[in-house]
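Heavy-atom basis, side chains included; hydrogens, waters and symmetry copies ignored.
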Amino acid sequence: MSALSCFVPSLTTTLPFRNSTHTTTFSSNVRNGNFSLYGPSRHSLRLQGNAVPFFDISPPPIDHDLLESMKSEGAKSLEDGSVETFGNDDLALNTAYEGVVVADLTHFGRIRVTGNDRIQFLHNQSTANFESYSEGEGCDTVFVNPTARTIDIVHAWIMKNSIVLILSPITCRRITEMLNKYVFMTDKVKIHDITSETCLFNLIGPRSDQVMEDLNLGDLVGQPYGMHRHYSVNGMPITVGVGTVLSLEGYSLLLSPPAADTIWKTFVNLGAIPIGTSAWERLRVLQGRPYPGKELTSDYNVLEAGLWRAVSLNKGCYKGQETISRLVTYDGVKQRLWGIRLSGPADPGTPIIVNGKKVGNLTSYAVGRNESEHVGLGYIKKRDCLAGDKVNVGEVVGEVAEVPFLRPFPSSKGT
């Protein structure tokens, strides 16, 4: 039985898509495990489950301009090709909590690691226990320097012939160069930066499961974080994984550029609201996802950053392990990352004060879900604050709060 067919009771299902000028229909052929999107717009989408055993980077010429499609949705682009806003930031931010949004994260970095030694290599170079994962699974891992100071938290997919790493835009080049530096002549490992050869979308929000069901991809609903499967769209590969870089309810999609325009329009037709980088940054702070250059710097180690779930404490030697082991053994983590509810705007870098004493620094600030809500992230000394405690951030009053991304999370294997 096809992986796409087991959740659909009939051979063919037809659903109407709302459109201002016409109705587009969605037809699912369960017997063949594929679906087609068709209508007067003549955009066709055919997705076949398990059609490809791994993500093969060999995209044909791009026939569709994704940015042009986004501009029709009100997109305002930046120099790096990302979309700053669709003119709907407040709506998109609230929809991320109440419905479903689609984010184009193609400006994020993507690295493909191949070769027979790839698992052992990444096992030694980052904090996750890669040896405990199997094909089709995924995890978060952290790249650190030898003293366990954070470079970036990275999402990894373990595939048949490779491991794909999804990382922040500003660290991709650094991590690519760092990994190449540690590949020795005897290592059967190749490092490929595939950012320009692929696109990356995130579906975020509680209704993302329904979108997957509507596309007959319900076999991924309820699967563990990082689980992913491969499909084919008009003969082009696409990988769909459980979870997003914000660890919200949602899914990540790695795809060839020629498929991006059609996939994007499909999600919008299914009711997903586009979200730009401006609203995404506000969502990042609300979720508490640490970011390079802000919360992830040479000033803070991986445990202070609260990334315990991405760290294996039981595996063999890896970069930064000695420092991490000492921190755990001797209770050496003296500060931690918190969310802070603020009474007004505050600049990153502003000291956090308790009883007239500096106890930390604000690292990020954003407007929350409306203009009257202000939120931030900051490192605070452990002995000085707990959730619910009041602090001063410059002239602004704050309340220390837990954030979703750093709350207890399904543990990495081998921890």
Side-chain angles (χ1 to χ4, degrees), residues 52-59 108-198 200 226-228 230 237 239 241 254 292 296 298 301-303 307 309-328 411-415:
V52 288
F54 56 89
F55 195 96
D56 183 19
I57 307 299
S58 55
F108 269 57
R110 291 170 295 284
I111 297 172
R112 187 171 185 244
V113 184
T114 61
N116 292 338
D117 297 331
R118 63 189 181 277
I119 291 177
Q120 183 63 47
F121 177 76
L122 288 175
H123 187 86
N124 294 339
Q125 293 298 321
S126 68
T127 60
N129 187 352
F130 276 93
E131 292 182 346
S132 68
Y133 289 93
S134 302
E135 178 187 345
E137 296 182 324
C139 66
D140 286 343
T141 191
V142 185
F143 286 99
V144 298
N145 68 17
T147 59
R149 304 290 172 162
T150 52
I151 300 173
D152 201 358
I153 180 170
V154 174
H155 188 57
W157 282 339
I158 292 80
M159 300 184 178
K160 181 177 182 179
N161 296 322
S162 66
I163 298 175
V164 171
L165 308 175
I166 299 172
L167 57 164
S168 305
I170 63 175
T171 63
C172 186
R173 180 174 179 179
R174 177 183 177 183
I175 290 178
T176 299
E177 292 175 349
M178 180 184 71
L179 293 178
N180 275 311
K181 177 182 177 182
Y182 286 99
V183 176
F184 298 107
M185 293 184 62
T186 56
D187 291 335
K188 296 178 180 178
V189 175
K190 295 290 184 182
I191 311 297
H192 315 267
D193 183 344
I194 61 170
T195 305
S196 63
E197 303 171 55
T198 56
L200 178 68
M227 182 73 70
H228 57 279
H230 308 291
T239 297
L254 179 68
L296 305 181
S298 59
N301 66 57
V302 62
L303 301 185
L307 301 176
R309 63 179 172 81
V311 177
S312 172
L313 301 178
N314 298 324
K315 72 172 187 171
C317 182
Y318 62 95
K319 187 189 298 183
Q321 182 199 29
E322 184 177 349
T323 298
I324 292 172
S325 295
R326 287 201 305 269
L327 289 170
V328 173
S411 299
S412 295
K413 296 182 181 180
T415 57

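Once rounded to the nearest 0.5 Å, the distance linking CG of D140 with CD1 of I153 reads 4.5 Å. How far CD1 of I111 is from CD1 of I194: 9.0 Å, rounded to the nearest 0.5 Å. For the atom pair CE (M159) and CZ (R118), the distance works out to 11.0 Å, reported to the nearest 0.5 Å. Between the CD1 atom of I191 and the CG atom of L179 there is a distance of 5.0 Å, given to the nearest 0.5 Å. From L313, atom CG reaches atom OG of S325 across 7.5 Å, with rounding to the nearest 0.5 Å. The line from SG of C139 to CZ of F130 is 4.5 Å long, rounded to the nearest 0.5 Å.
With hydrogens and angles ignored, the 3.5 Å screen pairs no side-chain donor or acceptor of Y182 with any backbone N or O of N124. Between the side chain of E137 and the backbone N or O of S134, at least one donor-acceptor pair lies under 3.5 Å. When atom types are taken as modelled, the side chain of K315 and the backbone of A128 share a donor-acceptor pair closer than 3.5 angstrom. Without hydrogens or angle criteria, D152 side chain to L167 main chain gives no donor-acceptor distance under 3.5 Å. Put simply, the side chain of T127 gets close to the backbone of V142: a donor and an acceptor are under 3.5 Å apart. No donor-acceptor distance shorter than 3.5 angstrom exists from the side chain of R174 to the backbone of T171, with no hydrogens or angles considered.
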Would I163 and F121 satisfy side chain to side chain contact (heavy atoms under 4.5 Å, CB included), going step by step from the backbone distance to the final call?
CA-CA 11 Å; I163 298 175; F121 177 76; over 6 Å; no
Please walk me through it: do E177 and K181 pass salt bridge (charged side-chain N to carboxylate O under 4.0 Å, His left out)?
CA-CA 6 Å; E177 292 175 349; K181 177 182 177 182; over 6 Å; no
Checking side chain to side chain contact (heavy atoms under 4.5 Å, CB included) for the pair N129/H123: CA distance, chi angles, key distance, verdict?
CA-CA 6 Å; N129 187 352; H123 187 86; 2.8 Å; yes
Which is it for M178 and I151 under the side chain to side chain contact (heavy atoms under 4.5 Å, CB included) test, yes or no, and what are the steps along the way?
CA-CA 11 Å; M178 180 184 71; I151 300 173; 3.8 Å; yes
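Counting heavy atoms from C-beta on, the side chains of L296 and L307 come closer than 4.5 Å. Between T195 and C172 the shortest side-chain heavy-atom distance falls below 4.5 Å. Inter-residue side-chain proximity for V144 and Y318 is flagged as unmet; no heavy-atom pair is nearer than 4.5 Å. Looking only at side-chain heavy atoms (C-beta outward), L122 and F143 come within less than 4.5 Å of each other. The shortest side-chain heavy-atom distance between Y133 and I119 does not fall under the 4.5 Å cut-off. Side-chain contact between V302 and V311: present, with at least one pair of heavy atoms (C-beta onward) separated by less than 4.5 Å. Looking at heavy atoms from C-beta onward, R110 lies out of side-chain contact with D193 at the 4.5 angstrom threshold.
More than 12 non-hydrogen atoms from other residues, nucleotides or ligands lie less than 6.0 angstrom from CZ of R149.
Taking a cutoff of 4.0 Å between a charged side-chain nitrogen and a carboxylate oxygen, R326 and E322 qualify as a salt bridge.
Just one of L165, V164, I158 meets the side-chain contact (heavy atoms from CB on, under 4.5 Å) condition when paired with S162; it is V164.
Scanning all heavy atoms of the two residues, the minimum distance from G226 to W157 falls at O-CD1, 3.6 Å.
In this structure, a donor-acceptor pair under 3.5 Å is present between the side chains of N145 and T147.
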